[in-house]
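The shown structure was predicted, so the numbers you read here are calculated from the model rather than taken from an experiment. Read the numbers this way: they start at 1 and go in the same order the structure lists the ligands and their atoms.
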Amino acid sequence: MRLADNLMPAPLRTPETPRLLKAVIFDVDGVLLASPHEQAWRDALQGYADPARFTTALYQAEVAGRARQDGALAALVALGVKDAQGRARAYAEEKQLRLLALIKDGRVEAFPDALRLVAALKARSFPMAAASASKNAWAMLRSIRLNDGSCFADAFWVAVCGRDLVHGKPDPEIFLTAAAEIGVQADRCLVIEDSSAGIVAAQRGDMTALGIARLGDSKALCEAGADLVLTSLDCLGLTSLLGGRLCGNSAPHRQKP
Ligand SMILES: [Mg+2]
């Protein structure tokens, strides 16, 4: 830290100080898209370990949100594969080939609640960014159409997908990059994530974190520090969010995407 930074007064914030939200940063895989990453990792494990051991829990804990090479190494280590370090690159490459094959087969779907939320925020010109470590995320978002014929990807003002960033989650670099590019202060951004690493990243970036527990993993997301955990984006209080506040809503917004 430079001396000048030391002389700057720290921002005053108490738990009561409102942090009005001005933008939403969406994780892609598991929040917007049911993309076949997990299946690709599992299929590619043949020859390294029993693919059946690559469970959803292992994917969420060790791989989700990480750069491909890091995820490959973490998975092989977690599964006790010998020479994990030396074999991680090949495993990552085999996973990528399998993923491309699955995408070509049309194995990418948008979660309906995500389509509804993004369409509702887009209709009100609420700033949104898509942020993913995956180099395939943007192409997958571009492959999906909304009911009005527009491209799902076009709803986002900013995309930080597949960039060669220095750090992966739980480092906040990807979200801080998205916030900077969308032109909104980090502490005014809401990050929507389905992985614990992503929740931690949002917190380290001084952002508000909403956990989406599609896999019954509410406890893990809470323990990671999520400000709120919901099982569906339909349960997000849209009117509150448009006013800058995060809360759940027992009356889901149901407009068609
Ligand atoms: Mg995710």
Side-chain angles (χ1 to χ4, degrees), residues 24-42 54-72 74-75 78 92 95-96 99 102-103 107-115 117-118 128-141 144 152-153 156 158-163 165 167-178 189-205 207-233 236:
V24 179
I25 301 172
F26 289 89
D27 171 52
V28 177
D29 184 41
V31 173
L32 296 176
L33 301 181
S35 50
H37 283 281
E38 181 183 334
Q39 186 63 47
W41 282 115
R42 182 176 296 113
F54 193 97
T55 61
T56 295
L58 185 142
Y59 173 71
Q60 286 296 110
E62 305 291 344
V63 182
R66 295 213 162 100
R68 192 184 307 153
Q69 184 77 23
D70 297 341
K95 177 264 176 180
Q96 177 64 5
L99 178 67
L102 290 169
I103 292 171
R107 299 276 294 274
V108 181
E109 289 183 8
F111 289 109
D113 58 335
L115 288 171
L117 176 61
V118 168
M128 291 183 282
S132 172
S134 168
K135 296 193 184 298
N136 308 288
W138 191 240
M140 288 193 282
L141 287 171
I144 291 168
F152 194 23
F156 301 96
V158 160
V160 181
C161 294
R163 302 266 187 96
L165 301 175
H167 305 291
K169 300 169 192 172
D171 187 277
E173 183 181 11
I174 190 169
F175 296 142
L176 294 175
T177 302
C189 290
L190 170 65
V191 169
I192 305 183
E193 257 288 353
D194 71 316
S195 73
S196 296
I199 295 294
V200 173
Q203 293 291 356
R204 289 183 183 172
M207 298 166 165
T208 300
L210 168 61
I212 293 299
R214 300 191 188 279
L215 304 171
D217 49 350
S218 298
K219 186 166 178 280
L221 295 173
C222 285
E223 288 174 354
D227 295 282
L228 177 68
V229 176
L230 301 171
T231 54
S232 164
L233 290 168
L236 178 61

- To the nearest 0.5 angstrom, please state how far the CG atom of Asp194 sits from the CG atom of Leu215. 7.0 Å

- Query: Side-chain donor-acceptor pair under 3.5 Å between Arg68 and Gln96, yes or no?
  - Reply: yes

- Task: Give, for atom NZ of Lys95 and atom CD of Gln69, the distance between the pair rounded to the nearest 0.5 Å.
- Result: 12.0 Å

- Message: Can you count the protein N/O/S atoms lying under 2.8 Å from the Mg ion (ligand 1), leaving waters out?
- Response: 3

- Task: Go through the structure and list residues passing side chain to side chain donor-acceptor pair (under 3.5 Å) with Ser132, not counting sequence neighbours.
- Result: none

- Taking the side chain from Asp113 and the backbone from Leu233, do they hold a donor-acceptor pair closer than 3.5 Å? yes

- Is NZ or CZ of Arg214 both nearer than 6.0 Å to the six-membered ring centre of Phe111 and within 45° of the ring axis? yes

